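Computed over heavy atoms, backbone and side chain alike; hydrogens, waters and symmetry mates excluded. Counting starts at 1 for both ligands and their atoms, in listed order. Nothing here was measured: the structure is a model prediction, and the numbers come from that model.
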Amino acid sequence: MNIEEDLTGPHDDEQQKGRKEVMSYDFLVVGAGLYGAVFAHEARKAGKSVLVIDRRPQIAGNVYTEKIEGIHVHKYGAHIFHTNRTDVWNYISQFATFNRFTNSPVANYRGELYSLPFNMYTFNRMWGVVTPEEAAAKIEEQRREAGITSPKNLEEQAISLVGTDIYEKLIKGYTEKQWGRPCTELPAFIIRRLPVRLTFDNNYFNALYQGIPVGGYTRMVAAMLDGIEVRLNEDYLKNRSAWDAMADHIIYTGAIDAYFDFCLGALEYRSVRFETEVLDKPNFQGNAAVNYTDSETPWTRIIEHKWFEFGKDENGNDLPKTVISREYSSEWKPGDEPYYPVNDEKNSRLYAKYREMAEKEKKVVFGGRLGEYKYYDMDAVIAAALEKAEVML
Ligand code: UDP
């Protein structure tokens, strides 16, 4: 793909025609998201022939960004790159320059604003405590009252990490809207994604490296796919045998249950609906992310995209308008976009069975969030694709 071209449009016709005649590739990569783009890049670098297809009209999977009013809008949900892995950071930095954005979401609970993640600012606002000792004592007191020794689900895990008040105001409503299930039926690991610290530090991620690619994620993924044939609006599952005949190996990054025609039943996902609005004002909420943690507000959070890039255009000028997206979480049903795998016990058991079937597909590698049914962060997806490439190439 030539990155100077329209990032969503068709590619050089002559090049396409020449390649179509070959009709045989070492690798067919199904899905032009992060996993697929990293793998494709590595395969090409190793001298392999690669074809990437995607059923969407554009590349970049769910990290796709689109420019509206000079603002890179995260069309499929906000993505903030963060990693502790120097190798992954160095790798991704080949394809983009990252700005120094630091994620510090604000929680809005019925008009009360709290700092996230849970830190001394949050504890001070919640309880009026001033020192780390006072905060720790408060959490310990609430944990003891709740009588939790070894947390078995998200609710118990949350209370044992931050106490009942924070659980009730900042976790319960948000989590139940987000997952559509009671916290007592959700796995504890989901809440362990969030740091808890007894310092005045609103940086959401405990990561060595963090930022947003300057110029947007779409451009970054286009750089990964530079020189690789990409065909858009192509649905692998609708014409599987023809695609299979074109390559020695398939890297499949779609949903694993869809690959097997849902023969053992459908895995559950959460889907997200975004209501995106352009506002004729420079500043709506003063922060990239505000989470609505009560149970009454129908959306989970509002993203104000310009603040991922400090509200400036490429020349450093203030942008006069703003673009916001309200996020509504819903249960996935056929036809919706699957976003978050529901990694509870029932679904994990079903996934294990699909996984067994997948092992028998010798020609196919299942990768990425949908292919592995895993709540993956971007850096872990990149690391997984690089590891797979190293083994296979
Ligand atoms: N969470 C919460 N309150 C918040 C933010 C997050 O209770 O204000 C919980 C919720 O269960 C969520 C989980 O923490 O599913 C992980 O949040 P994260 O921000 O990592 O989710 P993502 O950005 O991947 O949607």
N84 vs W89 side-chain heavy atoms within contact, under 4.5 Å = no
Would you check if F308 and V73 make a side-chain contact, meaning some heavy-atom pair closer than 4.5 Å?
->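 A side-chain contact is absent here, since even the closest heavy-atom pair is not under 4.5 Å.
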Test of proximity, L154 against ligand 1: N or O pairs below 3.5 Å | no
For ligand 1, is there an N or O atom under 3.5 Å from any N or O atom of Y340?
->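 Yes.
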Looking at Y114, is R125 sitting on its ring face, NZ or CZ under 6.0 Å from the six-membered ring centre and within 45 degrees of the normal?
->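 Here R125 passes the 6.0 Å and 45° test against Y114.
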Tell me whether the guanidinium CZ or amine NZ of R110 lies under 6.0 angstrom from the six-membered ring centre of Y292 and within 45° of its axis.
-> no
E42 and Y91 side chains, donor-acceptor separation under 3.5 Å = yes
Using 30° and 60° as the class limits, which term best fits the ring planes of Y375 and F189: parallel, tilted or perpendicular?
-> perpendicular
Checking the side chain of [X] only, and the main-chain atoms of [Y] only, is there a donor and an acceptor separated by less than 3.5 Å?
X	Y	answer
E134	T131	yes
Y354	L264	yes
T175	K172	no

Would you find more than 12 non-hydrogen atoms of other residues, nucleotides or ligands less than 6.0 Å from K353 atom NZ?
-> no
Which atoms from ligand 1 have a heavy atom of [X] less than 4.0 Å away?
X	answer
L170	2 (C), 3 (N), 4 (C), 7 (O), 8 (O)
I171	7 (O)
I190	11 (O), 13 (C), 15 (O), 16 (C)
L116	8 (O)
T293	8 (O)

Tell me: protein heavy atom nearest [atom], and distance?
atom	answer
atom 18 (P) of ligand 1	Y204 OH, 3.6 Å
atom 20 (O) of ligand 1	R193 NE, 2.9 Å
atom 1 (N) of ligand 1	Y174 CD2, 3.6 Å
atom 5 (C) of ligand 1	N291 ND2, 3.3 Å
atom 10 (C) of ligand 1	T175 OG1, 3.3 Å
atom 21 (O) of ligand 1	Y375 OH, 3.0 Å
atom 17 (O) of ligand 1	L194 CD1, 3.5 Å
atom 9 (C) of ligand 1	I191 CD1, 3.6 Å

So which bit of R301 gets within less than 4.0 Å of ligand 1, heavy atoms only: side chain, backbone, both or neither?
->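 The answer is the side chain of R301.
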